[in-house]
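Note that ligands are numbered from 1 as they come in the structure, with each ligand's atoms numbered from 1 the same way.
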Amino acid sequence: MQKFEITGGIPLAGSVRVSGAKNSALKLMAASLLTTEKTILYNVPLIQDVYTMADVLRAIGASVIISPGRVEIDPSGDLSYTTPYELVRRMRASITVMGPLLARQGRARVAMPGGCNIGPRKLDFHFSGFEKLGARINVEHGFINVAANRLTGDVISLDYPSVGATENLVMAACLAEGRTVIESAAREPELIDLVKFLTSMGARISGAGTDTIVIDGVDELGGATHTVMPDRIEAGTYMLAAAVTGGELEIDGADPRHLEIFISKMRAIGVGVDEYEGGIRCRGGDDYRGTDIATLPYPGFPTDLQAPMTVLLSLARVHSIVTENVFENRFSFVDELNRLGADIRTSGHHAVVHGNCRLEGAIVEAPDLRAGAALVLAGLAASGVTEVRRIGHIDRGYENFEQKLQLVGADIRRVEAGEPAPSPTPFN
Ligand code: EPZ
């Protein structure tokens, strides 16, 4: 059990290098199961979720070697098709092995993910898509069983552009017989990164980045080497760190094309944002306008930046309205933020953020990954000392979070919260 202690009020200055994207790296690791050859991934962030995905692959029978920035996966031996409950419970993204296992092994048995801090997250689009490809599905004793002799391509029209369902179905369709067309597909940059990787393994896919993806099945895929795209959510988090502290940061490696709506909202609020070759420069101020935001699937405003953005909006001169359209329970941080002095009222999927607040240090608890990062940002902006507890959530998705912040001047320390810390995960 560890916590962050933050003494706020220091404008951050300098440059931060963005890591590889968590939400791409995890899927690329799952996709490595589609071949019997070795794959090598570079720019993989060393975060808890990556270690968990490595454990998932090992439980299935693949060898995974993790070294700084590099993951080597060898799935050549006999694979099992089962993913244990303990791992799926730790990380919901474990379910993305379903598509690759179904395609390669003809079956997958994956523990049903339980509740989730950001709301109920159903799997119906994954299931109906697999059924369209000819798979049989049943759920018993808390496990999802998916099986098919050989998947066969079909037209799958998603009711909603689910990121996870699109990824699972694209991976499964790579080895299906014939053509699969996925309509209303997700358009997230991480999905494009996955498709680039699959293509370098020999898959035949077109349309990634549009709402219709076409996959022509092949008999087998080979090993590949790939560099994970930069983490746009991490980049946005550091841009907000500059803004809420009135500082100036260069976010090296950030790709502005992945953050267009977010950047336009930052500018509307009064944050200076410029692009330079290889990154984004972000300059905070001390007089911010409010603006309304509504989260939507890409290219809309990203739900993963909603909580950190709400911290900035609470510092604006006037009120703003935040609408969360993607997940049902992504305002769980609001009570914690109000403990720091914000004035935010929620009603259903809307939050009214009364601006003009002066944040003051207090003890708060991180309810989930992005909300945890938001509370750290609030602590950096607040006067006095803020203690953020339950930071295990933050370690799931931000590589070297406090070290990166310390390098640009933040006063943030990781301290034991009374109980012994878990032993660090080894590099293999
Ligand atoms: C991915 O989750 C990301 N996770 C999330 O990031 C991100 O917030 C989300 O996409 C949206 O961008 C990973 O990539 C590991 P969805 P995913 O399927 O794939 C509903 C973070 O903090 N839905 O697009 O689970 C679902 O309940 C995380 O890094 C169904 O109803 O997102 C949700 O309300 C959190 N049925 C909405 O769609 C389904 O079958 C979006 O889910 C599937 C989804």
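When the heavy-atom distances from atom 35 (C) of ligand 1 to R396, R370, R330 are ranked, the shortest goes to R330. The nearest non-hydrogen atom to atom 3 (C) of ligand 1, considering only T96, N168, N23, comes from N23. The closest heavy-atom contact to atom 1 (C) of ligand 1, among the options T166, I233, V163, comes from V163. Between Y298, F125, F127, Y160, it is F125 that holds the heavy atom closest to atom 31 (O) of ligand 1. Nearest-residue assignment for atom 34 (O) of ligand 1 (options V326, D304, T303; heavy-atom criterion): V326.
Side chains of R414 and Q2: a donor on one and an acceptor on the other come within 3.5 Å. If you check the side chains of E324 and T295, you find a donor sitting under 3.5 Å from an acceptor.
In this structure, R92 has a heavy atom closer than 4.0 Å to ligand 1. The closest approach between any non-hydrogen atom of E324 and ligand 1 is not below 4.0 Å.
A salt bridge links R330 and D304; the closest N-O separation between the charged side-chain nitrogens and carboxylate oxygens is under 4.0 Å. A salt bridge links D55 with R58: the closest approach of a Lys/Arg side-chain nitrogen to an acidic carboxylate oxygen falls below 4.0 angstrom.
Counting non-hydrogen atoms of other residues, nucleotides and ligands closer than 6.0 Å to CZ of R179 gives a total of 12 or fewer. Around the CZ atom of R150, the shell of radius 6.0 Å holds more than 12 heavy atoms that belong to other residues, nucleotides or ligands. Heavy atoms from other residues, nucleotides or ligands lying under 6.0 Å from CZ of R281 number more than 12.
Ligand 1 has a nitrogen or oxygen under 3.5 angstrom from a nitrogen or oxygen of G164. Taking distance alone, with nitrogen or oxygen atoms compared against 3.5 Å, E167 stays at or beyond that limit from ligand 1.
By the criterion of a heavy-atom distance under 4.0 Å, the side chain of K22, and not its backbone, is placed next to ligand 1. Using a 4.0 Å cut-off between heavy atoms, S162 contacts ligand 1 through both its backbone and its side chain. The proximity of K27 to ligand 1, defined as any non-hydrogen pair under 4.0 Å, is limited to the side chain.
Close contacts between ligand 1 and A93 involve ligand atoms 15 (C) [criterion: under 4.0 Å to a heavy atom]. The contact set between ligand 1 and H126, taken as ligand atoms under 4.0 Å from a residue heavy atom, comprises 40 (O).
Here H126 pairs with nothing under the ring pair (Phe, Tyr, Trp, His ring centres under 6.0 Å) rule; sequence neighbours left out.
The aromatic rings of Y398 and Y238 stand perpendicular to each other, their planes meeting at an angle above 60°, with 30° marking the opposite boundary.
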